[in-house]
K.L.:
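The following block contains the structure, expressed as structure tokens.
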Amino acid sequence: MFSFQLTARSTDCLARTGRIKTRHGEIQTPIFMPVGTRASVKALAPEDLKACGAQIILGNTYHLYLRPGCEVIGPFGGLHRFMHWDRPILTDSGGFQVFSLAKLSKITEDGFAFQSHIDGSRHLLTPESSVAVQLCLDSDILMCLDECIPYPADQMRAERAMALTGRWAERCRSAWQEADRPQNALFGIVQGGMFEALRRRSAQALADLDLPGYAVGGLSVGEPKELMLQIAAATLPLLPEAKPRYVMGVGTPADLVEMTAMGADMFDCVMPTRNARNGQLFTRRGTLNIANARFRQDTAPIDEQCGCYTCRHYSRAYLRHLYMAKEILVYRLNTIHNLHYYLDLMEGMRTAIAEDRFQAFRRSFYAELKTG
RNA sequence: GGUGGGGUUCCCGAGCGGUCAAAGGGAACAGACUGUAAAUCUGUCGGCGAUGCCUUCGGAGGUUCAAAUCCUCCCCCCACCA
């Protein structure tokens with residue numbers, strides 16, 4: 001029901017292509033997954049996502065548990081029918097909200113005790129309840145509940161969170177196995193802060209659980225970029241070769257290129273969608289802020305070489321006008337462009353890996369950025 | 001014609017003798033955003049050869065050590081009454 005197959009490998013780096021099979025179709029890796037936290041990739045309809053080339057999207061357990069809740073989504077048979085998306089869905093466990101909503105939460109051995117950011121009500125998210133909610137959402141890929149720590153964090157703190165994440169992973173796995181739903185794959189998450197030794201131990205312990213896939217968590221939490229890349233480079237090779245490797249919450253286009261070279265298969269990040277709504281657009285020559293006065297009378301599209309719906313039909317001047325006037329259409333048009341850019345970048349990398357010219361692709365990626 | 005209320009930095013709008021280049025919005029300009037409490041947030045926003053100087057609060061005079069703030073006249077605007 002769920003499977004992963006490697007289809008090509010670079011000879012000069014660790015980059016690889018693969019194919020994930022799910023009951024909602026196949027995913028070609030490496031892939032970027034647009035974030036749809038509350039059962040919606042903000043500003044887009046599923047048809048827009050497909051036109052951008054989206055193969056799989058994210059949902060979030062914490063947010064969907066609080067609102068609208070399983071009693072609403074359950075009767076639909078899960079998230080797919082609820083939100084009219086028939087391709088694969090990965091749900092985050094709520095672990096990241098332990099981190100980003102830390103002021104409202106408390107971590108115990110049992111789980112994540114928190115107060116709703118919506119109404120202040122008290123809840124407890126445990127490994128078991130997180131899995132239960134994700135099964136109710138019927139996502140194709142479930143994530144283990146983990147503890148993501150901020151940067152900087154000392155080794156003791158990192159070790160404690162890493163160990164807890166490991167124990168929670170075992171409990172998630174038990175809950176998942178008891179449910180007997182192999183079509184809903186469960187992924188483990190490596191933690192360990194910025195300490196390679198801890199990352200190693202975490203990866204080892206999780207590998208022993210023999211889960212369908214593995215993720216690197218706890219990156220891009222405020223650390224310097226070089227450190228992030230260093231830890232990713234040290235961690236990714238520790239993950240089982242034959243399983244999909246997912247780097248959570250990353251990243252910039254350059255991050256995706258670098259980590260693909262390290263053997264990562266899956267990424268997700270709010271950057272293309274959030275920044276689109278904030279006026280920052282990605283192009284192969286760098287980013288541009290559509291609010292800048294220099295685009296006021298610019299009749300050109302965002303990127304002459306881009307084939308997205310937005311670039312085929314609209315000028316920078318028009319997009320700037322919509323943005324300045326806060327017309328809601330701009331959020332859709334900008335998001336379409338940024339996601340198209342991200343997904344097109346991934347497709348370019350897949351092709352390059354398949355043709356074993358990834359390093360050449362990488363060089364031209366940076367060369368083109370410089371011309372911007 | 002009468003009575004009352006107003007004219008403030010791009011706009012709206014506080015200020016009502018010194019701590020005022022003048023609150024607060026808006027607009028404008030620039031930046032940030034990495035498993036989304038984000039269609040959000042931050043900074044700049046009279047001019048300079050700038051820990052100081054110059055110009056500015058409808059116009060012109062005046063009072064005072066000191067005026068956007070007080071007085072006189074003038075020019076506009078608004079409301080109500082004739």
Side-chain angles (χ1 to χ4, degrees), chain A residues 32-44 56-64 66-67 90-105 114-120 130 134 139 141-151 165 187 189-191 215-225 227-229 232 246-256 258-259 264 266-282 287-296 319-320 322-335 338 342:
Chain A
F32 177 82
M33 307 181 281
V35 179
T37 304
R38 305 194 293 189
S40 163
V41 174
K42 295 183 195 296
L44 297 192
I56 171 173
I57 62 171
L58 251 70
N60 186 280
T61 303
Y62 169 93
H63 289 282
L64 293 171
L66 282 182
R67 185 164 61 189
L90 179 150
T91 46
D92 190 17
S93 61
F96 185 72
Q97 280 61 44
V98 181
F99 164 75
S100 67
L101 301 170
K103 285 143 294 204
L104 293 168
S105 66
F114 65 94
Q115 275 189 276
S116 162
H117 68 278
I118 301 167
D119 63 5
S130 177
Q134 293 184 75
S139 51
I141 300 175
L142 289 64
M143 298 306 298
C144 286
L145 188 67
D146 66 328
E147 184 189 359
C148 181
I149 54 171
Y151 176 86
T165 296
F187 280 25
I189 305 173
V190 173
Q191 288 291 346
V216 179
L219 292 183
S220 239
V221 290
E223 76 281 13
K225 181 168 288 280
L227 185 56
M228 175 186 73
L229 292 172
Y246 163 28
V247 182
M248 306 185 80
V250 170
T252 65
D255 292 339
L256 303 190
E258 291 311 305
M259 294 193 191
M266 304 163 74
F267 302 94
D268 82 280
C269 189
V270 302
M271 190 170 273
T273 45
R274 176 186 290 169
N275 290 24
R277 277 175 275 120
N278 294 334
Q280 187 179 70
L281 301 169
F282 291 88
T287 61
L288 58 85
N289 190 330
I290 200 64
N292 288 177
R294 64 186 216 264
F295 300 125
R296 200 169 81 85
L319 294 170
R320 176 173 195 273
L322 294 181
Y323 187 78
M324 298 309 276
K326 297 182 164 55
E327 276 292 336
I328 57 176
L329 177 60
V330 80
Y331 304 116
R332 173 168 173 250
L333 297 180
N334 283 357
T335 302
N338 275 357
Y342 263 66

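Values in this document were obtained by computation on a predicted structure and should not be read as measured data. Chain letters run A, B, ... following the sequence lines, proteins first, then strands; residues in each count from 1.
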K.L.:
Distance check needed: B:C33 P versus A:Asp255 CG, whole Å only.
P.N.:
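Going from CG in A:Asp255 over to P in B:C33 covers 11 Å.
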
K.L.:
With a cut-off of 6.0 Å (strictly less than), are more than 12 heavy atoms of other residues, nucleotides or ligands near CD1 of A:Ile328?
P.N.:
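Counting other residues, nucleotides and ligands, CD1 of A:Ile328 stays at 12 neighbours or fewer.
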
K.L.:
Under 4.0 Å: is that the gap between some side-chain N or O of A:Asn292 and OP1 or OP2 of B:A30?
P.N.:
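Affirmative; the distance criterion is met.
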
K.L.:
On a whole-Å scale, what distance lies between the C1' atoms belonging to B:A67 and B:C57?
P.N.:
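To the nearest whole Å, 11 Å.
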
K.L.:
Taking the inter-plane angle between the rings of A:Tyr62 and A:His117 on a 0 to 90° scale, is it parallel (under 30°), tilted (30 to 60°) or perpendicular (over 60°)?
P.N.:
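Aromatic pair A:Tyr62/A:His117 classed parallel.
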
K.L.:
With heavy atoms under 4.0 Å as the rule, sort A:Ala291 into base, sugar-phosphate or nothing.
P.N.:
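Since only primed, P, OP1 and OP2 atoms lie under 4.0 Å of A:Ala291, the category is sugar-phosphate.
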
K.L.:
Could you tell me if the ring centre of A:Tyr342 sits under 6.0 Å from that of A:Phe267?
P.N.:
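No.
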
K.L.:
If I pick the C1' atom on B:C81 and the same atom on B:G18, what distance separates them, to the nearest angstrom?
P.N.:
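After rounding to an integer number of Å, I get 42 Å for this pair.
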
K.L.:
When the distance from CG of A:Leu90 to P of B:G35 is rounded to whole Å, what number comes out?
P.N.:
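The distance from CG of A:Leu90 to P of B:G35 comes to 14 Å, rounded to the nearest Å.
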
K.L.:
Measure the distance from CZ on A:Arg38 to C1' on B:U36 and round it to the nearest whole Å.
P.N.:
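These atoms are roughly 8 Å apart.
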
K.L.:
If every non-hydrogen atom of A:Asn338 is compared with every non-hydrogen atom of A:Leu281, which pair is closest and at what distance?
P.N.:
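Looks like OD1-CA, 3.4 Å.
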
K.L.:
In whole Å, what is the span from the CG atom of A:Leu101 to the P atom of B:A37?
P.N.:
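Those two atoms, CG and P, are 6 Å apart.
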
K.L.:
Nearest heavy atom decides the nucleotide; on that basis, is A:Tyr331 or A:Arg294 closer to the 5' end of RNA chain B?
P.N.:
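Nearer the 5' end of the strand: A:Arg294.
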
K.L.:
Base, sugar-phosphate or nothing for A:Gly36? Non-hydrogen atoms, less than 4.0 Å.
P.N.:
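Nothing: the residue A:Gly36, judged by heavy atoms under 4.0 Å, touches no strand.
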
K.L.:
Which distance, rounded to the nearest 0.5 Å, do you find between the CD of A:Gln115 and the CG of A:Leu101?
P.N.:
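Separation between the atoms: 11.5 Å.
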
K.L.:
Measure from CD on A:Gln280 to P on B:A30 and round the result to the nearest Å.
P.N.:
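It is 14 Å, rounded to the nearest whole Å.
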
K.L.:
Is A:Gln97 near enough to B:G35 that one of its side-chain N or O atoms lies under 4.0 angstrom from OP1 or OP2?
P.N.:
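No, because none of the side-chain N or O atoms of A:Gln97 sits under 4.0 Å from OP1 or OP2 of B:G35.
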
K.L.:
For the P atoms, the ones on B:G4 and on B:C54, what distance do you get once it is rounded to whole angstrom?
P.N.:
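One P to the other, the span is 41 Å.
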
K.L.:
Nearest-Å distance, CZ (A:Arg320) to P (B:A27)?
P.N.:
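So the CZ-P distance, A:Arg320 to B:A27, works out to 13 Å.
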
K.L.:
Please report the distance separating the P of B:U51 from the corresponding atom of B:U69, rounded so that it comes out in whole Å.
P.N.:
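Straight-line distance between the two P atoms is 29 Å.
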
K.L.:
Can you tell me, in whole Å, how much space there is between the P of B:A14 and that of B:G25?
P.N.:
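Pairwise P distance, B:A14 against B:G25, rounds to 15 Å.
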
K.L.:
May I have the distance from A:Ile57 (atom CD1) to B:U36 (atom C1'), rounded to whole angstrom?
P.N.:
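Rounded to the whole Å, the gap is 14 Å.
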
K.L.:
Paired with B:C10: which nucleotide, if any, by Watson-Crick or G-U wobble criteria at under 3.5 Å for both distances?
P.N.:
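Base-paired to B:G26.
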
K.L.:
Reckon A:Glu223 touches a base, only the sugar-phosphate, or nothing at all at heavy-atom distances under 4.0 Å?
P.N.:
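Touches nothing.
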
K.L.:
Output the rounded distance in Å from CG (A:Asn289) to P (B:A28).
P.N.:
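After rounding, the reported distance stands at 13 Å.
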
K.L.:
Measure distances between side-chain N and O atoms of A:Asp146 and base N and O atoms of B:G35, and say whether any donor-acceptor pair falls under 3.5 Å.
P.N.:
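A donor-acceptor contact between them is present.
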
K.L.:
When you measure from the side-chain N and O atoms of A:Ser100 to the phosphate of B:U36, is any distance below 4.0 Å, counting only OP1 and OP2?
P.N.:
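No, A:Ser100 has no side-chain N/O under 4.0 Å of OP1/OP2 on B:U36.
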
K.L.:
Between B:C77 and B:U8, how many Å separate the two C1' atoms, rounded to a whole number?
P.N.:
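The answer is 15 Å between these two C1' atoms.
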
K.L.:
Base, sugar-phosphate alone, or nothing: which one does A:Ile189 contact when heavy atoms must sit under 4.0 Å apart?
P.N.:
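Base, at least one base atom sits under 4.0 Å.
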
K.L.:
Identify the heavy atoms of A:Thr165 and A:Glu147 that sit nearest to each other, and give their distance.
P.N.:
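Looks like OG1-N, 3.0 Å.
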
K.L.:
Measuring only the P atom in each nucleotide, how far is B:C65 from B:C10? A whole number of Å is fine.
P.N.:
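To the nearest whole Å, 33 Å.
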
K.L.:
Working to the nearest 0.5 Å, report the span between OG1 of A:Thr273 and CG of A:Asn334.
P.N.:
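Between A:Thr273 OG1 and A:Asn334 CG, I get 11.5 Å after rounding to 0.5 Å.
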
K.L.:
Write down the distance separating the C1' atoms in B:C41 and B:A37, rounded off to the nearest Å.
P.N.:
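Nearest-Å result for B:C41 against B:A37 at atom C1': 13 Å.
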
K.L.:
Under 4.0 Å from any atom of RNA chain B, heavy atoms only: list the residues of residues 267-274 of chain A that qualify, in numerical order.
P.N.:
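A:Asp268, A:Cys269, A:Val270, A:Met271, A:Thr273, A:Arg274 - these, ordered by number, are the residues of the stretch whose heavy atoms sit under 4.0 Å from the strand.
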
K.L.:
Just checking A:Ile118: base, sugar-phosphate only, or nothing, at a heavy-atom cut-off of under 4.0 Å?
P.N.:
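No contact.
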
K.L.:
Could you please name the partner base of B:A79, counting Watson-Crick and G-U wobble pairs only when both distances are under 3.5 Å?
P.N.:
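Base partner found: B:U3.
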
K.L.:
Nearest 0.5 Å, what's the OG-CG distance between A:Ser220 and A:Asp255?
P.N.:
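Here the interatomic distance stands at 6.0 Å.
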
K.L.:
For A:Met33, report the nucleic acid contact type (base, sugar-phosphate, nothing); a contact means any heavy atom under 4.0 Å.
P.N.:
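The answer is nothing, as A:Met33 stays clear of every strand by at least 4.0 Å.
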
